[in-house]
Amino acid sequence: MATFQTLPGFREFYPEDLARRNHIFRLWRQTAKTFGFAEYDAPVLEPLDLYKAKSGEEIEAQLFSFTDKGGREVALRPEMTPTVCRLVGAKANALKRPIKWFSIAEFYRYERMQKGRGRCFFQFNADIFGEPGPEAEVELIALLVQCLRSFGLGEADFYVRLSDRNLWFYYLEALGVDEPRIRGLLGAIDRYEKYGDDAFQGYTEKFGPLDPALKTKVLEFLQIKSLAVLETTLSTIGGEKLTQRLADWRKLLTALDAMGLSKFIEVDLGVVRGLAYYTGFVFEAFDRKGELRALAGGGRYDDLVQKLGGPALPAVGFAIGDMTFSLLLEERGLMPTLVQAPDVYCVVGGEPERLAAFADINALRAAGYQVEYPMKAIAFGKQFKAAAESGAKLALIYGGDELAKGVVKIRDLTTRTETEVPRDQVTATVRDFFTAS
Ligand code: HAM
């Protein structure tokens with residue numbers, strides 16, 4: 001018989017897997033709320049044009065796209081950013097500023113599969129609209145760090161690499177490089193860490209040999225790891241744009257320092273991000289050991305809302321993926337074992353006792369307690385074993401003798417003590433027990 005398997009790169013979530021996923025989502029959601037972000041959602045299927053030329057060549061090549069029955073070119077969303085720009089753009093004037101939004105959703109990219117990368121994955125997206133200054137980056141980087149810290153991860157586990165596409169632009173402009181070549185060089189810089197000198201191949205194919213003096217300057221700039229060195233390097237160039245930009249850098253780093261987050265942040269101009277729409281500060285989070293692919297990535301994209309038909313609206317945001325993040329939590333022993341144990345297990349004698357128990361079972365469930373009972377008549381002894389194995393705190397025992405006396409026996413499965421309770425006081429007694437414990 002043919003067996004059907006999931007498509008490559010797609011995941012199934014058995015209950016224990018889903019419990020872990022829910023645990024992650026719960027903490028992300030809770031953290032976003034403490035920062036005052038509001039949750040939104042949107043369709044999984046979008047017009048193909050939303051991503052064409054907006055997300056960048058890499059994502060475009062990875063789209064799951066098809067023509068629907070109405071002849072529309074559609075795609076499963078590979079990311080949230082263009083979608084959230086449309087949502088915000090459509091109501092920009094009616095929305096209270098600053099617009100701080102988050103979502104937890106599933107995305108699809110036809111990627112080469114590897115550790116921490118699949119073809120469907122979840123992301124936590126957080127974005128701020130309407131704030132042109134680095135104050136928005138402060139808020140978002142702080143949120144990113146807190147989203148990871150809230151699971152017990154610390155500075156020894158992860159860090160955020162901070163860079164700036166504007167600074168690269170202004171620097172290369174000052175060196176006399178024109179815009180198409182700057183874009184070509186940024187593409188090479190994006191790949192440099194992985195491919196070394198080969199990263200410049202695409203550039204040389206398009207623009208001819210790279211001037212060795214310029215290459216040296218680019219590689220020197222790439223190595224800069226602190227604001228102090230950045231300032232010294234740029235002081236020889238000067239100019240208003242660079243001076244203003246360095247002031248933004250100081251503002252951002254000073255604020256993050258005041259929040260006690262400096263230990264998580266590293267200046268690293270090697271990060272320029274592959275997505276096409278980023279315009280300013282960009283950042284990515286990685287595990288400290290450098291064993292995993294990026295945990296999160298984001299940056300400023302001041303032109304995208306307008307490019308998608310909305311008003312001019314500055315924006316910054318980031319997304320954390322669930323796959324590398326889960327790997328990191330598991331590696332560090334921070335993924336809790338989540339067992340779903342009932343609060344109460346009912347042990348029932350025979351059919352009349354079962355019917356008597358049903359009234360209490362229903363009342364207890366309505367009161368919010370998780371209650372289990374054996375679906376079929378099984379021996380008393382086996383039921384006690386099942387009650388102990390279930391992890392329940394209490395067993396309610398509905399035997400013939402008890403019912404004849406108008407009582408139910410309640411056993412504390414931790415202390416193994418028993419009390420008899422009048423039938424009409426079962427729910428109240430269980431409630432008192434859980435309130436006290
Ligand atoms: P991104 O860097 O493409 O950015 O993705 C963000 C994170 O999503 C990555 O760091 C990674 O953890 C996860 N991710 C991406 N692709 C995969 C995959 N194939 N399998 C597993 N995880 C993956 C964006 O998507 C931007 N839209 C983020 C953003 C929001 N920028 C501004 N606002």
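Note that the structure is a prediction, hence the values are computed from the model and not measured. Every number for a ligand or one of its atoms is a count from 1 in the order of the listing.
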*Asks:* Which residue supplies the protein heavy atom nearest to atom 33 (N) of ligand 1, what is that atom called, and how far is it?
*Replies:* D127 OD2, 2.8 Å
*Asks:* Could you walk me through whether R86 and E46 satisfy the salt bridge (Lys or Arg N to Asp or Glu O under 4.0 Å) test, starting with their C-alpha distance in whole Å, then the side-chain angles of each, then the deciding distance to 0.1 Å, before giving a yes or no?
*Replies:* CA-CA 11 Å; R86 182 188 60 214; E46 289 279 19; 2.6 Å; yes
*Asks:* For the 3.5 Å polar cut-off, considering only N or O atoms, please tell me whether R273 and ligand 1 meet it.
*Replies:* yes
*Asks:* Identify, for atom 31 (N) of ligand 1, the protein heavy atom at the shortest distance, and state residue, atom and that distance.
*Replies:* Y278 OH, 2.6 Å
*Asks:* With respect to atom 10 (O) of ligand 1, which of S103, C120, G321, A296 exhibits the smallest heavy-atom separation?
*Replies:* A296
*Asks:* What's the shortest distance from atom 14 (N) of ligand 1 to any protein heavy atom, and which residue and atom give it?
*Replies:* F121 CE1, 3.6 Å
*Asks:* Test salt bridge (Lys or Arg N to Asp or Glu O under 4.0 Å) on R250 and D257; report intermediate values, then the result.
*Replies:* CA-CA 10 Å; R250 268 191 297 276; D257 189 41; over 6 Å; no
*Asks:* In ligand 1, which numbered atoms sit nearer than 4.0 Å to a non-hydrogen atom of G297?
*Replies:* 10 (O), 28 (C)
*Asks:* Under 4.0 Å, heavy atoms only, figure out whether ligand 1 is touched by the backbone of I59, its side chain, both or neither.
*Replies:* neither
*Asks:* Is NZ or CZ of R165 both nearer than 6.0 Å to the six-membered ring centre of Y278 and within 45° of the ring axis?
*Replies:* no
*Asks:* Apply ring pair (Phe, Tyr, Trp, His ring centres under 6.0 Å) to residues F325 and F151 and explain how you reach the verdict.
*Replies:* CA-CA 10 Å; F325 186 61; F151 291 81; 4.9 Å; yes
*Asks:* When you compare ligand 1 with G118, is there at least one nitrogen or oxygen pair between them that comes in under 3.5 angstrom?
*Replies:* yes
*Asks:* Check ligand 1 against N125 and write out every atom of the ligand that is under 4.0 Å from a heavy-atom position of the residue.
*Replies:* 30 (C)
*Asks:* Charged N to carboxylate O below 4.0 Å: is that the case for D157 and R288?
*Replies:* no
*Asks:* At what distance is the nearest protein heavy atom to atom 15 (C) of ligand 1, and which residue and atom is it?
*Replies:* R109 NH1, 3.5 Å
*Asks:* Sub-3.5 Å donor-acceptor pair from the side chain of D412 to the main-chain atoms of R416, do we have one?
*Replies:* no
*Asks:* Any Lys/Arg nitrogen of K225 or E266 sitting under 4.0 Å from an Asp/Glu carboxylate oxygen of the other?
*Replies:* no
*Asks:* If you measure every N or O of Y301 against every N or O of ligand 1, does any of those distances drop under 3.5 Å?
*Replies:* no
*Asks:* So if I count the atoms of ligand 1 from 1 in the order they appear, which ones are less than 4.0 Å from some heavy atom of T81?
*Replies:* 26 (C), 27 (N), 29 (C), 30 (C), 31 (N), 32 (C), 33 (N)
*Asks:* ring-ring contact (aromatic ring centres under 6.0 Å, His included) with Y170: which residues, sequence neighbours excluded?
*Replies:* none
*Asks:* Taking only heavy atoms of Y277 into account, list the atoms of ligand 1 that are under 4.0 Å away from them.
*Replies:* 26 (C), 27 (N)
*Asks:* Using distance alone, determine whether M323 and ligand 1 share an N or O pair under 3.5 Å.
*Replies:* no
*Asks:* So if I count the atoms of ligand 1 from 1 in the order they appear, which ones are less than 4.0 Å from some heavy atom of T324?
*Replies:* 12 (O)
*Asks:* Flag the pair D197 and K215 as a salt bridge only when some basic side-chain nitrogen lies within less than 4.0 angstrom of an acidic carboxylate oxygen.
*Replies:* yes
*Asks:* Below 4.0 Å, non-hydrogen atoms only: which portion of L275 touches ligand 1? Side chain, backbone, both or neither.
*Replies:* side chain
*Asks:* For ligand 1, which atoms, with element, lie under 4.0 Å from some heavy atom of F318?
*Replies:* 29 (C), 30 (C), 32 (C), 33 (N)
*Asks:* Among A285, P78, A294, which one has a heavy atom closest to atom 12 (O) of ligand 1?
*Replies:* A294
*Asks:* Classify the contact between F124 and ligand 1 as side chain, backbone, both or neither, using a heavy-atom distance cut-off of under 4.0 Å.
*Replies:* neither
*Asks:* Can you confirm if the NZ or CZ of R119 lies within 45° of the ring axis of Y110 and under 6.0 Å from the centre of its six-membered ring?
*Replies:* yes
*Asks:* Heavy-atom contacts under 4.0 Å between F122 and ligand 1: side chain, backbone, both, or neither?
*Replies:* neither
*Asks:* Report the C-alpha distance between R20 and D17 in whole Å, list the side-chain angles of each, state the deciding distance to 0.1 Å, and finish with yes or no for salt bridge (Lys or Arg N to Asp or Glu O under 4.0 Å).
*Replies:* CA-CA 5 Å; R20 283 193 274 271; D17 304 320; 3.2 Å; yes
*Asks:* When you measure from atom 6 (C) of ligand 1 to every protein heavy atom, which one gives the shortest distance, and what is it?
*Replies:* Q123 NE2, 3.3 Å
*Asks:* Using side chain to side chain donor-acceptor pair (under 3.5 Å) as the criterion, point out the one residue from T254, D164, N166 that pairs with W249.
*Replies:* D164
*Asks:* Below 4.0 Å, non-hydrogen atoms only: which portion of E111 touches ligand 1? Side chain, backbone, both or neither.
*Replies:* side chain
*Asks:* Using a 4.0 Å cut-off to any heavy atom of L295, which atoms of ligand 1 qualify?
*Replies:* 10 (O), 12 (O)
*Asks:* Mind checking whether M80 has a heavy atom under 4.0 Å from ligand 1?
*Replies:* no
*Asks:* Would you list the atom pairs, donor with acceptor, under 3.5 Å between side chains in residues 6-16 and any protein atom, with sequence neighbours excluded?
*Replies:*
residue : atom : partner : partner atom : Å
R11     : NH1  : D322    : OD2          : 3.1
R11     : NH2  : D322    : OD1          : 3.4
R11     : NH2  : D322    : OD2          : 3.0

*Asks:* Tell me whether R273 forms a cation-pi arrangement with Y301, defined as NZ or CZ under 6.0 Å from the six-membered ring centre and within 45 degrees of its axis.
*Replies:* no
